[in-house]
Amino acid sequence: MLYIVATPIGNLKDITLRAIEVLKSVDLIACEDTRHTKILLDCYGIKTSTTSFFQHNRLTKGQYLLKLLQEGKNVALVSDAGTPGILDPGYNIINLAIANNIAVTVIPGAVAFVNALVMSGRPAHEFFFGGFLPNRKIARQNRLREWAKLKCTIIFYESSHRILASLEDIQVVFGDKEIVLARELTKKFEEVKRGSAREVLGYFKTRLPRGEFVLVV
Ligand code: SAM
């Protein structure tokens, strides 16, 4: 069985009893970053062996994990934060397992965009999750223009080094529409900022934006 195990998006207590049980019982845990996951495993006294599975070794390591699964071993997959498969290499091994008739199950838990969407107070009966915006300004604005045609809540991820540039582009495309910016969810400095992109931009221009971000428009 391939277990896709959700882990915390910040607060180490945000993990289910079942996730801990599975991580203790499998033969191997495939981690996006073994050093990062070690902190979680140490916290819960989980002694299971780990191996890395990330963007650049996903093809070779994927074959290795598949071989173990075909031999009847149980493997758990975790990412650095939240639910594997949502914008991390999890997708590749899940597909490989499905294509090879390996049983796959998901141990549910945190997903950053779900947390932000619910916390935003915006309509959540219909929404669009866009992942990350493109790196380049023109492509970013074009992507935002596409999203602006949608008649539902739009959610996407952003990193600290690009948040100011993205807020400028959101202002260009969405004008004065109110947005919600969720930062460092479940962590000590969790913060939710509401206002137009101009207002949110003004706020973060006076305080260096740190951490991880989810935007809700
Ligand atoms: N698999 C993860 C999930 O289930 O949400 C997402 C992985 S993606 C590579 C990482 C991005 O998720 C970050 O750049 C940030 O935008 C968002 N994210 C993760 N943890 C977060 C947190 N605690 N607060 C705000 N955003 C977070």
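Numbering starts at 1 and runs along the sequence shown. Just follow the structure's listing: the first ligand is 1, and inside any ligand the first atom is 1. Note that the structure is a prediction, hence the values are computed from the model and not measured.
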Geometric class of the Phe213/Phe204 ring pair [parallel <30°, tilted 30-60°, perpendicular >60°]: perpendicular
side-chain hydrogen bond (donor to acceptor under 3.5 Å, both in side chains) partners of Asn135, counting only residues at least two apart: Arg162
Residues forming a side-chain hydrogen bond (donor to acceptor under 3.5 Å, both in side chains) with Glu178, sequence neighbours excluded: Arg122
Near Lys177 NZ, under 6.0 Å, is it more than 12 heavy atoms from other residues, nucleotides or ligands? no
Find all protein N or O atoms under 3.5 angstrom from an N or O atom of ligand 1 and list the pairs with distances, or write 'none'.
unit_1, atom_1, unit_2, atom_2, d
ligand 1, 1 (N), Ala81, O, 3.0
ligand 1, 1 (N), Thr83, O, 3.1
ligand 1, 1 (N), Ile86, O, 3.0
ligand 1, 1 (N), Asp88, OD2, 3.3
ligand 1, 4 (O), Thr83, N, 2.9
ligand 1, 5 (O), Ala112, N, 2.9
ligand 1, 5 (O), Tyr157, OH, 2.6
ligand 1, 16 (O), Glu158, N, 3.4
ligand 1, 16 (O), Glu158, O, 3.3
ligand 1, 16 (O), Phe213, O, 2.7
ligand 1, 20 (N), Glu212, OE1, 3.3
ligand 1, 23 (N), Ile9, O, 2.8
ligand 1, 23 (N), Leu185, N, 3.4
ligand 1, 23 (N), Leu185, O, 2.9
ligand 1, 24 (N), Leu185, N, 2.9

Under 3.5 Å, is there a donor-acceptor pair between the side chain of Ser79 and the main chain of Asp88? no
Pairs of donor and acceptor atoms involving the side chains of residues 89-115, under 3.5 Å and at least two apart or interchain, shall be tabulated with distances.
unit_1, atom_1, unit_2, atom_2, d
Asn95, ND2, Tyr91, O, 3.4
Asn100, ND2, Leu96, O, 2.8

